[in-house]
Amino acid sequence: RDPLWSRGLGDVYKRQEFIPLAEKNGLILPIGKWVIDQACQQLALWQENKVTADLTLAVNVSSKQIGQKDFSQLIKAAVTKHEINPNRLKIELTESLLQENLLETAKRMKECNDSGINFSLDDFGTGYSSLQYLKKLSFYQLKIDQSFIRDCQNHKDDQAILLTILGIAKSLNLVSIAEGVETLEQLKYLKKHGCQQFQGYLFSKPIPIAQFTYLIENWDSHTFNA
């Protein structure tokens with residue numbers, strides 16, 4: 001799901017209620033394992049289609065999931081089971097998650113990195129935004145929170161933060177991706193200042209996988225040339 005215009009479990013407001021409840025009652029672990037397995041299964045299907053073979057799929061994980069000692073083994077088992085290219089699977093972590101146990105998180109990430117699995121730092125700029133995370137953890141991508149995208153053309157403070165994040169990503173050789181892109185004007189501004197990837201309603205609202213596949217197979221990239 002990269003470009004990432006499918007939000008997985010549903011709308012954000014539903015996820016804000018569902019995920020904390022699942023974490024509280026312990027269901028997040030079996031659910032998380034199932035989601036990762038489903039992601040790898042979908043990647044295996046995409047690999048068989050030359051139109052979708054180069055797509056990556058991003059999976060958000062919770063602190064309880066990455067806190068498991070066998071987290072990397074679970075990920076690698078799913079990759080092996082479905083015989084997918086591990087580079088096509090992307091794990092997304094939030095800044096708030098990193099504050100809980102940085103050293104253990106670094107260990108889990110390295111184990112996954114060694115198998116070719118990449119990590120993205122989600123909603124960058126909304127937490128503590130400590131550069132320590134980027135120094136100690138092996139991310140390959142920064143996701144810029146949509147709150148900085150919404151008024152990036154008109155609000156000087158948002159522009160300053162956005163350009164700083166893009167500069168950090170470039171300096172550290174990290175891929176930058178902007179969340180919440182809704183207009184061609186926003187897309188043009190982001191491209192002009194070096195943002196590399198984008199997600200948002202400009203491309204599509206959340207849709208079922210069958211519709212997504214149809215959309216990809218009939219995609220006209222010229223529509224979004226900036």
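Numbering of residues begins at 1 and proceeds along the displayed sequence. In this text the structure is predicted, and so the values were computed from the model without any measurement.
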Would you call Ile91 and Ile75 a side-chain contact if the rule is heavy atoms closer than 4.5 Å? yes
Test item: side-chain donor near acceptor, Glu92 and Gln141, under 3.5 Å: no
Does the side chain to side chain contact (heavy atoms under 4.5 Å, CB included) test come out yes or no for Leu162 and Leu190, once each step is laid out? CA-CA 9 Å; Leu162 174 60; Leu190 289 161; 3.8 Å; yes
Using salt bridge (charged side-chain N to carboxylate O under 4.0 Å, His left out) as the criterion, list what pairs up with Asp151, not counting sequence neighbours. none
Validation row, ring centre Trp46 to ring centre Phe212 under 6.0 Å: yes
Looking only at heavy atoms, which two atoms of Ser147 and Asp145 are closest? And how far apart? OG-OD2, 2.6 Å
Given side chains that start at C-beta, do those of Asp122 and Glu179 come closer than 4.5 Å, heavy atoms only? yes
Those residues at least two apart in sequence (or on a different chain) that pass salt bridge (charged side-chain N to carboxylate O under 4.0 Å, His left out) with Lys136 are none
Can you name the residues that form a salt bridge (charged side-chain N to carboxylate O under 4.0 Å, His left out) with Glu182, not counting sequence neighbours? none
Does the pair Met109 and Ile117 meet the rule for a side chain to side chain contact (heavy atoms under 4.5 Å, CB included), with working shown? CA-CA 9 Å; Met109 288 178 65; Ile117 299 161; over 6 Å; no
Side chain to side chain, Leu137 and Leu121, heavy atoms closer than 4.5 Å: no
Within the distance-only criterion (no hydrogens, no angle test), does the side chain of His155 pair as donor or acceptor with the backbone N or O of Asp157 below 3.5 angstrom? yes
Sequence neighbours left out, what pairs pass side-chain hydrogen bond (donor to acceptor under 3.5 Å, both in side chains) with at least one residue falling in residues 165-174? none
Heavy-atom pair of closest approach, residues Ser204 and Leu215: CB-CD2, 3.8 Å
Tell me every residue that passes salt bridge (charged side-chain N to carboxylate O under 4.0 Å, His left out) with Asp37, counting only those two or more places apart in sequence or in another chain. Lys81
If hydrophobic clusters are built from ILVMFWY residues whose side chains come within less than 4.5 Å, do Leu74 and Ile31 share one? no
Check whether any side-chain heavy atom of Leu57 sits under 4.5 Å from a side-chain heavy atom of Lys90, and report yes or no. no
Would you say Ile36 and Trp34 are hydrophobically clustered, going by side-chain heavy atoms of ILVMFWY under 4.5 Å? yes
Cys112 and Phe71 have their tightest heavy-atom pair at SG-CE2, 4.0 Å
Side-chain (Gln186) to main-chain (Arg150) donor-acceptor, under 3.5 angstrom: yes
Any residue meeting ring-ring contact (aromatic ring centres under 6.0 Å, His included) with Phe139, in chain and number order, not counting sequence neighbours: none
Do the side chain of Arg108 and the main chain of Ser72 share a donor and acceptor less than 3.5 angstrom apart? no
So, Ser176 side chain and Gln196 main chain: donor-acceptor pair closer than 3.5 Å or not? yes
Which atom of Leu89 lies closest to which atom of Cys40, heavy atoms considered: CD2-SG, 4.1 Å
May I ask you to decide if Leu45's main-chain N or O and Glu48's side chain share a donor-acceptor pair within less than 3.5 Å? no
What pair of heavy atoms forms the shortest contact from Asp54 to Arg88, and how long is it? O-NH1, 3.1 Å
Same cluster or not: Ile209 versus Ile216, using hydrophobic residues (I, L, V, M, F, W, Y) connected whenever any side-chain heavy atoms lie under 4.5 Å apart? yes
Check whether Gln47 reaches the backbone of Asn85 with its side chain - one donor and one acceptor, N or O, closer than 3.5 Å. yes
With the side chain counted from C-beta on, respond yes when Phe198 and Phe203 share a heavy-atom pair under 4.5 Å apart, and no when they do not. yes
Closest non-hydrogen atom pair, Ile28 against Ser62: CG1-OG, 3.6 Å
Would you please say whether a donor-acceptor pair under 3.5 Å links the side chains of Asn113 and Asn118? no
For the pair Asp123 and Lys143, evaluate side chain to side chain contact (heavy atoms under 4.5 Å, CB included) and give the outcome as yes or no after the intermediate values. CA-CA 6 Å; Asp123 300 330; Lys143 294 187 71 177; 6.0 Å; no
